[in-house]
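Index from 1, following the sequence.
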Amino acid sequence: MKIDKSLQPVSIVSVNDGKRRVDITPNPNTSQENSVHLSPNATKLQTIDSTTVSGSNVNTARIMEIKQAISEGNFQINPEAVADRLLETVKELIQSKKGAA
């Protein structure tokens, strides 16, 4: 493979070329007050979110057992149980679609 030396070098461009940006620095003599006001609806959403997290049905001990079994290669999958639960989920989705229509 030949290296083509017919390419011309790119001219050097300085960082200072073109327009300069004017930085606005805050005046230390002026005082600014930062405040946030939440609407009542936002407060309700925060309450609902914290309730959902604290009342979740997640069994962290079981999750850790499953993770360890997977990492050790000991996790057994029951295809019949997976298929049954998948079918149950599909039935629930179909029922919810019928109810919404």
Side-chain angles (χ1 to χ4, degrees):
M1 172 183 231
K2 284 184 150 182
I3 298 175
D4 186 10
K5 294 187 179 189
S6 65
L7 297 175
Q8 299 297 322
V10 177
S11 63
I12 298 174
V13 178
S14 171
V15 176
N16 295 325
D17 288 349
K19 295 183 180 180
R20 296 189 122 195
R21 192 180 102 197
V22 178
D23 290 331
I24 300 173
T25 56
N27 187 350
N29 296 331
T30 60
S31 64
Q32 288 183 332
E33 183 178 323
N34 294 328
S35 63
V36 175
H37 301 283
L38 297 177
S39 70
N41 289 337
T43 307
K44 285 181 187 176
L45 285 173
Q46 283 182 331
T47 304
I48 291 169
D49 189 40
S50 64
T51 304
T52 303
V53 170
S54 64
S56 65
N57 295 328
V58 176
N59 185 348
T60 55
R62 179 69 178 140
I63 292 172
M64 294 308 293
E65 288 175 20
I66 293 171
K67 282 184 176 182
Q68 184 175 0
I70 291 171
S71 67
E72 294 173 353
N74 300 329
F75 185 71
Q76 297 294 321
I77 297 174
N78 183 349
E80 290 84 16
V82 172
D84 289 341
R85 293 206 179 136
L86 181 60
L87 289 172
E88 286 176 24
T89 302
V90 170
K91 288 177 185 176
E92 290 173 5
L93 288 172
I94 290 172
Q95 291 299 321
S96 68
K97 294 265 185 184
K98 286 182 181 178

Separation of Arg85 CZ from Asn78 CG (nearest 0.5 Å): 9.0 Å
Hydrophobic cluster membership, Val90 vs Val82, 4.5 Å side-chain cutoff: no
Leu86 with Leu93, same ILVMFWY side-chain cluster at under 4.5 Å: no
Asn41 side, atom CG; Lys44 side, atom NZ - distance, nearest 0.5 Å: 5.5 Å
Nearest-0.5 Å distance that lies between atom OG1 in Thr60 and atom CE in Met64: 8.5 Å
Chi angles and distances behind the salt bridge (charged side-chain N to carboxylate O under 4.0 Å, His left out) call for Lys91, Glu88: CA-CA 5 Å; Lys91 288 177 185 176; Glu88 286 176 24; over 6 Å; no
Euclidean distance, Thr89 OG1 relative to Asp84 CG, rounded to 0.5 Å: 10.5 Å
